[in-house]
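Here the structure comes first, spelled out in structure tokens, and everything after it is commentary.
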Amino acid sequence: MKRVIVLYGGKADEHSISCISAANVMKSLDNTLFEIVPIGITKQGLWLYNALDPRTVDFAKTPLPVVEKTESSQAVVINMAQGADGFYVQSNENQSLINLGHIDVVLPVLHGAYGEDGTVQGMIEMLGIPYIGTQVLTSAVCIDKHFTKEILKQAGIAVVPSITIDVRRELKDNSLSSMGEKYLQQVKQAGLQYPLFVKPSRAGSSFGVTKVEYENSQELISAISEASHHDWRILIEHGVDAREIECAVFSPNPLGEPQASLPGEIVLDLKQQGEDQFYDFDSKYLDAESSHVEVPADVNQDVLDRVQDIAIRAFKAVDATGLSRVDCFVENNGNIMVNEINTMPGFTSTSLYPIAWNKMGVNTTELLTQLINGVIQ
């Protein structure tokens, strides 16, 4: 039986979503093949054993669970020199170290910074342990929407027009509020159309994303200020009249050809009822009645085929491995642009990635089994 560390929580804004994803992952792992070693990471970055087990959480009562240190939890200590045998827990009684035994593979179910950005991946590689998902460079590139766009453009893949601004200096000298006209001019020079979407370059789950409906310096600065709480590099994107169609890409064997699921769509139910809505954090995770997943998306076969082709091309362009979700915009004229690539997509019960593969006849248990076997064989 292979022993699998499942990492969840983490320092990113997506901490709670990671916990929910990890619950579904751990419930789905084949317990006849794999022994789970759950390690939760607090928002402060402390690694804990015997902490919150997300499998026991009632998400109806606790929709945003948090890993926290308790009397029963034990700090995890890693001896880098021992590699796969170097994971210990610290006794709460006498501070002695207890070895967790040999680890065969790590499954980092972490979203966002300090988990999906190459930092954890680099540490695991230094330990010499196989792990699920994309490697260091690709993880770092794909967490950053700016650099993802640059690489995709070089590969001839269309992306949403945008400009990128760096607000480090303005944040340091408190001059951001006076920069509205300058940024409006940059938007005009780039030919971006309203509504604009202002978003942090390195954040997920729609944290810090604001829709700016019309040309107004104060509205734009307010949106930039909101994004700056999550990152100093900020994207201002051209508003597109399009549907967001997402495709799950699966490549358990690094030497194999990536496979694309049937593309799906997050349907914004409130928008269909005439309300102004975009896919923000609440729509994704807190309001079950505001959106739902449809797989396959209700578009013609030509669009489905082209989204699958573009998703695989994008996956290869960034040198992804294991799994990713490629999010595309499909305009009314059939034009397709890539919005972003998620290298550790959500695995909640309402997440598109597991739902799409389920529709393809591959359940989450089989997905995880193939991903693990693909890196340890």
Side-chain angles (χ1 to χ4, degrees), residues 9-18 41-46 64 66 110-123 136-153 159-239 278 280-282 339-343:
K11 296 173 68 174
D13 293 325
E14 296 93 324
H15 176 104
S16 296
I17 310 310
S18 167
I41 304 174
T42 69
K43 290 184 175 182
Q44 294 73 40
L46 178 63
L64 296 176
V66 175
L110 298 166
H111 306 312
Y114 306 104
E116 199 178 352
D117 60 355
T119 50
V120 165
Q121 288 77 8
M123 187 202 75
V136 176
L137 178 59
T138 301
S139 297
V141 165
C142 289
I143 200 70
D144 192 312
K145 298 176 182 67
H146 168 78
F147 284 113
T148 301
K149 286 175 182 284
E150 294 303 310
I151 289 179
L152 294 178
K153 284 190 290 186
V159 297
V160 180
S162 66
I163 59 172
T164 303
I165 61 173
D166 179 337
V167 297
R168 278 178 291 186
R169 184 180 299 278
E170 288 76 12
L171 292 174
K172 184 177 181 180
D173 60 20
N174 294 314
S175 64
L176 186 60
S177 61
S178 65
M179 300 296 289
E181 291 301 324
K182 175 185 175 180
Y183 295 140
L184 277 182
Q185 190 60 35
Q186 290 181 20
V187 167
K188 289 179 182 178
Q189 290 174 349
L192 303 184
Q193 296 179 4
Y194 290 83
L196 303 174
F197 285 90
V198 179
K199 59 182 68 173
S201 188
R202 292 165 292 194
S205 295
S206 297
F207 281 105
V209 179
T210 304
K211 185 179 183 181
V212 178
E213 295 280 4
Y214 53 90
E215 183 177 331
N216 180 286
S217 61
Q218 208 50 45
E219 292 290 327
L220 183 59
I221 285 298
S222 178
I224 291 171
S225 178
E226 175 61 28
S228 74
H229 295 311
H230 304 272
D231 192 7
W232 49 260
R233 183 157 51 229
I234 296 167
L235 266 67
I236 303 175
E237 285 190 342
H238 172 102
F278 72 96
D280 60 5
F281 182 84
D282 287 354
N339 181 29
E340 61 182 344
I341 302 173
N342 291 271
T343 56

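Along the sequence shown, residues carry numbers from 1. Since we're looking at a predicted model, the values are computed, not measured.
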Nearest heavy-atom contact between Glu116 and His111 is OE1-CA, 3.3 Å
Of the options Asp144, Ile236, Leu235, which is the one that meets Thr164 in a side chain to side chain contact (heavy atoms under 4.5 Å, CB included)? Leu235
Could you report the tightest heavy-atom contact between Pro200 and Gly208, atom names first, then the distance? CD-O, 3.4 Å
Tell me the closest heavy-atom pair linking Asp231 and Ile234, and the distance in Å. O-CG1, 3.8 Å
In short, Gly115 meets Gln121 closest at the heavy-atom pair O-NE2, 2.9 Å
Are any non-hydrogen side-chain atoms of Asn339 and Glu237 less than 4.5 angstrom apart? yes
Arg202 vs Asp117, test: side chain to side chain contact (heavy atoms under 4.5 Å, CB included). Steps then yes/no. CA-CA 9 Å; Arg202 292 165 292 194; Asp117 60 355; over 6 Å; no
Okay, side chain of Ser201, backbone of His146: is any donor-acceptor separation there less than 3.5 Å? yes
Check: His238 side chain, Ser162 main-chain N or O, donor-acceptor pair, under 3.5 Å: no
Can you name the closest pair of heavy atoms from Tyr114 and Thr119 and give their distance? CA-OG1, 3.2 Å
Side chain to side chain donor-acceptor pair (under 3.5 Å) test vs Asp13 passes for just one of Lys43, His229, His230, namely His230
Determine whether Asp166 and Trp232 satisfy the following criterion, side chain to side chain contact (heavy atoms under 4.5 Å, CB included), listing intermediate values before the conclusion. CA-CA 6 Å; Asp166 179 337; Trp232 49 260; 3.5 Å; yes
Side chains of residues 175-191: which donor-acceptor partners sit under 3.5 Å, not counting sequence neighbours?
unit_1, atom_1, unit_2, atom_2, d
Ser175, OG, Asp173, OD1, 2.6
Ser178, OG, Ser175, O, 2.7
Lys188, NZ, Glu215, OE2, 3.1

Between Glu150 (side chain only) and Phe147 (backbone N and O only), is there a donor and an acceptor less than 3.5 Å apart? no
Can you give me every donor-acceptor pair (side chain of residues 221-228, partner residue at least two apart or in another chain, under 3.5 Å) with its distance?
unit_1, atom_1, unit_2, atom_2, d
Ser228, OG, Ser225, O, 2.6

Return yes if some donor-acceptor pair links the side-chain N/O of Lys149 with the main-chain N/O of Val160 below 3.5 Å, else return no. yes
Taking Glu14 for its side chain and Gly9 for its backbone only, find out whether a donor-acceptor pair lies under 3.5 Å. no
What do the steps show when you test Ser16 against Val66 for side chain to side chain contact (heavy atoms under 4.5 Å, CB included), and what is the final call? CA-CA 6 Å; Ser16 296; Val66 175; 4.1 Å; yes
Could you report the tightest heavy-atom contact between Lys153 and Val159, atom names first, then the distance? CG-CG2, 3.6 Å
Value for CD1 (Ile41) from CG (Leu110), rounded to nearest 0.5 Å, stands at 5.0 Å
Sorted by chain and residue number, the side-chain hydrogen bond (donor to acceptor under 3.5 Å, both in side chains) partners of Thr148 (sequence neighbours excluded) come out as none
